[in-house]
Amino acid sequence: MSILKQDYNLLAAKKYTGNGMSKASPPMDIEKIFGENTFGREAMKARLPKGIYKSLLATIEKGQPLDPGVADAVAMAMKEWAVEKGATHYTHWFQPLTGFTAEKHDSFITPNRGGGAIAEFSGKDLVQGEPDASSFPSGGVRATFEARGYTAWDPTSPAFIVENPKGKYLAIPTAFASWTGEALDTKIPLLRSMQALSAQATRVLKLFDVKNVTSVYATVGNEQEYFLIDEEFYYRRPDLITCGRTLVGAKPPKGQELDDHYFGSIPDRVLSCMLETEKELYRLGVPVKTRHNEVAPSQYEIAPIYENANIAADHQQIVMLTLQRVARRFGLVCLLHEKPFAGINGSGKHNNWSMSTDTGMNLLEPGDNPHDNMQFLFFCTAVVLAVYRHQDLLRISVATAANDHRLGANEAPPAIMSVFLGEQLEHIFEQLQKGPATESKQGGLLGLGVGTLPHLPRHAGDRNRTSPFAFTGNKFEFRAVGSSQSVSFSNTVLNVIVADALDEMAALLEKKLKGKKKNKKAFEAAVAEVLREVLDEAMPVIFGGDNYSDEWHEEAEKRGLLNLRTTLDALDHLDDKKNVKLFEKFEVLSERELESRLEVFIEQYFMTVNIEGETTEALARTYVMPAAVRYLRELVETVDEAGDLDVSGVKETAAELAELVNKFRSAIVELVKQNKALGGEKVHDKAVHMRDDVIPAMNDVRHWADRLERVLPHDAWPLPTYREILFVK
Ligand code: ADP
Ligand code: MG
């Protein structure tokens with residue numbers, strides 16, 4: 001046997017306990033380091049002429065169009081700041097439809113003929129870039145026009161410095177579009193959707209006679225789950241390297257059954273890694289706040305304080321990049337995949353979402369007086385209506401091959417979208433729907449406008465962890481987002497569907513108020529009517545029970561809710577007429593842009609599964625099968641050479657193993673066949689082939705491989721096992 005377990009060095013793990021602890025760092029002064037690696041307000045204020053700073057601030061804070069005249073001055077200040085920090089290069093940092101971030105670096109320094117070098121970075125370099133972007137997915141948008149893509153500076157998201165022991169560079173957040181102005185990224189639609197939401201929300205606030213609000217923005221805070229494993233195991237698992245998840249691997253006797261990991265104390269090496277990650281994030285201006293152990297062994301979570309959705313989406317990407325980058329310094333690898341280990345909880349990303357006015361009012365915060373309560377109920381109802389009407393879009397926004405392993409398994413919310421309000425609020429909604437509400441559970445308070453809402457506890461006792469979309473006191477929490485996903489599209493969808501609901505409800509209210517004298521009573525009656533009418537339609541989407549149960553699946557079907565089980569089932573709805581109309585109406589995505597996304601999503605599904613299918617085949621044929629056959633030979637030789645010894649047990653073992661090997665072989669043959677088959681010419685047909693033929697064949701190979709893992713000698717098994725990967729910390 002050539003590959004022996006004893007070969008593991010686990011240097012990182014061992015070395016860490018040996019030396020790492022003694023090399024203590026000084027405690028971090030968060031206040032001092034926060035944002036030091038960003039060209040944020042402080043740096044801008046200190047370095048920009050007053051007028052330019054004011055003009056830029058108007059763009060950042062009030063969303064006013066960027067004055068092109070400021071670009072040169074900002075570029076100069078930004079470059080000076082970056083060079084002082086040690087940056088030699090800059091990049092336009094953008095988010096193509098791959099869901100990842102992309103960058104191409106340019107030097108600040110241009111050597112001149114005289115033998116010297118001059119630092120160059122003009123307003124033009126800041127504002128616009130032209131990466132050679134022909135190989136980013138565009139879903140066909142670009143091909144017919146021209147191969148170029150352009151990046152455009154997003155002044156609302158601060159530029160930041162990326163550090164490496166050998167040097168630094170400046171990253172400038174940008175949007176990415178085609179020559180004809182079509183969005184080729186995830187940022188542009190997000191920004192457009194925020195504008196749509198702002199327009200509708202401020203319109204509603206005007207009806208409620210709220211003064212001084214000029215804009216409303218979506219707020220987002222993401223709780224990110226991830227695994228940290230020793231890098232040595234990672235290097236020895238081709239499936240982890242290629243696919244980010246294990247394609248074979250038997251569940252260990254001790255998994256997460258004991259629930260002893262969740263909120264447990266954090267191992268030293270991991271804690272050091274977290275501290276360093278957080279430090280980097282603070283320096284990058286990402287307001288991380290919480291950390292803890294998650295349910296599965298070696299699984300953890302990090303969450304920042306919420307921010308403006310656009311910044312939050314950028315910061316989310318920075319969090320993922322930083323987690324992965326810093327882990328390596330500790331001999332760890334950060335796995336962001338939604339399901340790295342079968343039979344062990346996967347990772348998701350809770351997307352906390354709300355709306356805030358530019359005056360700082362959270363529109364989903366229940367108020368202290370009747371008027372505020374009406375307003376809260378109006379916005380809250382709009383969200384409920386939005387989810388009800390557009391269950392498909394929310395589901396689509398989390399539809400990836402990787403997330404299919406979670407949604408619907410009993411660890412993550414199901415593919416059926418429903419809203420959890422909490423008992424108290426649900427009761428209030430029932431009252432609203434029935435007619436003039438006169439009582440609440442607390443007794444006699446409600447009357448919509450005739451009293452205050454009972455004080456809703458932020459952390460209502462029974463927090464329902466099974467709901468995909470839960471109200472948690474002053475925000476909604478969309479829990480179906482995948483751990484490795486960009487949060488941009490989910491939030492784009494949230495913004496646009498709520499904008500749509502607000503638009504409809506505002507129109508209804510305006511109609512009811514038309515011609516009536518403006519008085520409090522009439523207004524309240526009109527609001528009550530609107531809420532009742534809306535809830536009449538949307539009530540079926542509210543559900544407070546156990547979303548994991550079979551009963552809910554039946555009940556949801558009776559209620560007519562969608563259950564789009566797999567990625568493809570969901571994606572097939574993206575270009576439904578309703579959705580094309582919705583995105584066009586609010587100018588978030590044109591039909592072409594929507595179509596292009598559909599194509600990219602389907603292609604990504606196809607390619608992901610295709611790669612997994614081929615990697616499974618390779619693992620099965622070149623790792624598992626040879627190991628099984630070698631062991632079989634060992635058994636057979638033992639029998640042959642046994643002489644007078646009674647080796648009936650060995651013989652039986654050999655027979656059992658031979659049978660497993662035969663079944664394994666058949667499964668491989670089938671997978672090879674399915675991997676070879678194309679499934680059709682069109683990407684969609686290929687994707688269907690992946691779902692219907694390749695995945696089952698892969699699962700079957702895995703089934704037999706996992707059976708073999710349970711009987712092969714430990715030192716003959718060619719891959720690190722779950723027990724090793726998950727429990728060495
Ligand atoms: P919970 O315990 O309900 O998950 P936390 O207070 O831990 O609540 O918050 C979880 C995430 O929700 C954090 O990232 C937090 O910043 C975010 N969050 C809190 N309030 C809002 C809000 N108004 N809008 C968006 N996100 C929010
Ligand atoms: Mg939460």
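Below, each value reflects all heavy atoms present in this structure, side chains not excepted, and no hydrogens, waters or symmetry copies. Atoms within each ligand, like the ligands themselves, are counted from 1 in listed order.
Using a cutoff of 4.0 Å between basic side-chain nitrogens and carboxylate oxygens, Glu61 and Arg41 are scored as salt-bridged. Salt-bridge check for Asp404 with Arg406: failed, with every basic side-chain N at 4.0 Å or more from each acidic carboxylate O.
In terms of polar-atom proximity, defined here as any N/O pair under 3.5 Å, Asn352 does make such a contact with ligand 1. An N or O contact shorter than 3.5 Å is missing between Ala303 and ligand 1 by distance. Looking at ligand 1, you'll find an N or O of Tyr306 within less than 3.5 Å of one of its N or O atoms.
Proximity to Thr219 (heavy-atom distance under 4.0 Å) selects the following atoms of ligand 1: 22 (C), 23 (N), 24 (N), 25 (C). Within the listing of ligand 1, atoms 23 (N) sit less than 4.0 angstrom from a heavy atom of Asn362. Close contacts of ligand 1 with Ile305, meaning ligand atoms under 4.0 Å from a residue heavy atom, involve 16 (O).
For NZ of Lys289, the number of neighbouring non-hydrogen atoms (other residues, nucleotides, ligands) closer than 6.0 Å is 12 at most.
Contacts of Lys289 with ligand 1, taken as heavy-atom pairs under 4.0 Å, are absent altogether.
Comparing Pro287, Pro304, Ala218 against atom 13 (C) of ligand 1, the shortest heavy-atom distance belongs to Pro304. Residue Lys475 holds the heavy atom nearest to atom 5 (P) of ligand 1 of all those in Lys475, Arg479, Glu307, Glu223.
No donor-acceptor pair closer than 3.5 Å links the side chain of Tyr217 to the backbone N or O of Ser198. A donor-acceptor pair is defined here as one N or O able to donate and one able to accept, closer than 3.5 Å; no such pair exists between the side chain of Gln95 and the backbone of Asp185.
Between Gln299 and Ile344 the shortest side-chain heavy-atom distance does not fall below 4.5 Å.
Checked against the 6.0 Å centroid criterion, the rings of Phe429 and Phe471 do not qualify as a close aromatic pair.
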